[in-house]
Number of protein chains: 2
Amino acid sequence: MAKTKLDIDNNVRKLRFEQQEMTQQALADKVGVSRQTIVAIEKNRYSPSLDLAFQLALAFQKPITQVFFMKADKLTPPHKPRVKLKGL
Amino acid sequence: MAKTKLDIDNNVRKLRFEQQEMTQQALADKVGVSRQTIVAIEKNRYSPSLDLAFQLALAFQKPITQVFFMKADKLTPPHKPRVKLKGL
DNA sequence: GCCCAATGTAATATATATTTGACACTAAGT
DNA sequence: ACTTAGTGTCAAATATATATTACATTGGGC
């Protein structure tokens with residue numbers, strides 16, 4: 001499919017613990033997929049649909065770029081705000 | 001698959017014109033897919049794989065969130081830097 | 001008016017993501 | 001020692017994304 005299939009990494013597992021301490025099943029339910037799908041993604045067996053990626057980002061209340069990222073990332077600006085945001 | 005399948009919109013077409021004025025075929029080549037895949041995405045017939053989404057973002061040199069976004073977007077912070085970036 | 005490039009569409013085929021169900025392993029609680 | 005929740009894994013089935021080929025349409029340049 002894609003030129004040279006980017007290898008995309010993610011910190012779903014990390015976020016799952018750090019952020020809200022939830023089980024795979026809980027996360028699966030939250031984003032509406034099966035637990036095995038979560039496993040597959042955490043283990044990086046395949047990358048999810050854009051849809052699911054968004055759902056996960058949503059679940060963690062993070063921009064998608066903070067959940068999924070390219071390994072040798074050079075071009076995509078990481079979403080690190082340079083200033084403290086006011087509201088959030 | 002997903003809870004209530006988010007409907008994700010994109011401005012691939014817009015960017016394709018505005019940004020670098022390229023044809024569907026050219027873009028397709030650039031990101032390594034067939035032209036019909038580009039058509040399908042522009043027409044929003046299905047949302048791409050995360051991989052392709054990244055490739056497109058890459059092609060346009062934009063963060064993924066500026067290429068794909070949710071319609072009734074409330075939770076995902078849009079990537080609008082609050083300050084002028086230095087380098088780029 | 002003719003040509004050609006760019007675009008839209010449709011059918012069929014293949015690849016990949018996701019589901020379902022089942023089972024093994026481990027750590028923690030009792 | 002027994003149970004149970006959380007996790008990893010596998011195989012087979014289904015859904016969805018993508019490729020391929022082929023054809024129709026439209027707009028611009030000649």
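Lettering of chains follows the sequences in order, A, B, ..., and the numbering in each one begins at 1.
- Counting to the nearest Å, the C1' atom of D/dA17 and the CG atom of B/Leu56 are 14 Å from each other.
- Of the listed nucleotides (C/dT7, C/dT19, C/dG8), C/dT7 has the atom at the smallest distance from the side chain of B/Arg16.
- With D/dT7, C/dT19, D/dT18 as the choices, the nucleotide that has an atom nearest any side-chain atom of B/Leu52 turns out to be D/dT18.
- Judged by distance alone, with hydrogens and angles left aside, B/Gln36 brings a side-chain donor or acceptor within reach of the base of C/dT9, the pair sitting under 3.5 Å.
- By the 4.0 Å N-to-carboxylate-O rule, A/Glu42 lies close enough to A/Arg16 to be salt-bridged with it.
- You'll find the side chain of B/Val33 stays beyond 4.5 Å of the side chain of B/Ile41, heavy atoms only.
- Considering only side-chain N and O atoms, B/Thr37 lies nowhere under 4.0 angstrom from the phosphate OP1 or OP2 of D/dT18.
- Nearest approach of A/Met70 to B/Phe54, heavy atoms of both residues: CE-CD2, 3.5 Å.
- The nearest whole Å value for the distance from the CD atom in A/Gln55 to the C1' atom in C/dT18 is 14 Å.
- Nearest-nucleotide positions on DNA chain D place A/Gln24 closer to the 5' end than the other of B/Ala40 and A/Gln24.
- If you take CE of A/Met22 and P of D/dG6, they are 12 Å apart, rounded to a whole angstrom.
- If you measure from atom CG of A/Asp51 to atom P of D/dA15, you get 17 Å, rounded to the nearest angstrom.
- Rounded to an integer number of Å, the gap from B/Lys5 NZ to C/dT19 P is 11 Å.
- Counting atom types as modelled, B/Gln25 pairs no side-chain N or O with a base atom of C/dT7 as donor and acceptor under 3.5 Å.
- Residue B/Thr23 has a polar side-chain atom (N or O) positioned under 4.0 Å from OP1 or OP2 of C/dT7.
- One interatomic measurement links the two molecules: OH of A/Tyr46 to C1' of D/dT18, which rounds to 18 Å at whole-angstrom precision.
- Protein atom CD1 of A/Ile8 is 14 Å distant from nucleotide atom C1' of C/dT16, rounded to whole Å.
- Contact check for B/Lys71 versus B/Ile8: no side-chain heavy atoms found under the 4.5 Å cut-off.
- A close approach under 4.0 Å does not occur between any side-chain nitrogen or oxygen of A/Ser49 and OP1 or OP2 of D/dT16.
- The side chain of B/Arg45 sits closest to C/dT9 out of D/dA17, C/dT9, D/dA19.
- Between the C1' atom of D/dT16 and the CG atom of A/Leu50 lies a distance of 14 Å, rounded to the nearest Å.
- Side-chain contact check for A/Lys5 versus B/Gln55: every heavy-atom pair is 4.5 Å or farther apart.
- The nucleotide whose nearest atom lies closest to any side-chain atom of B/Ile41 is, among C/dT7, C/dT9, D/dT18, D/dT18.
- Side chain A/Arg35 to base D/dG6: no donor-acceptor pair is found below 3.5 Å.
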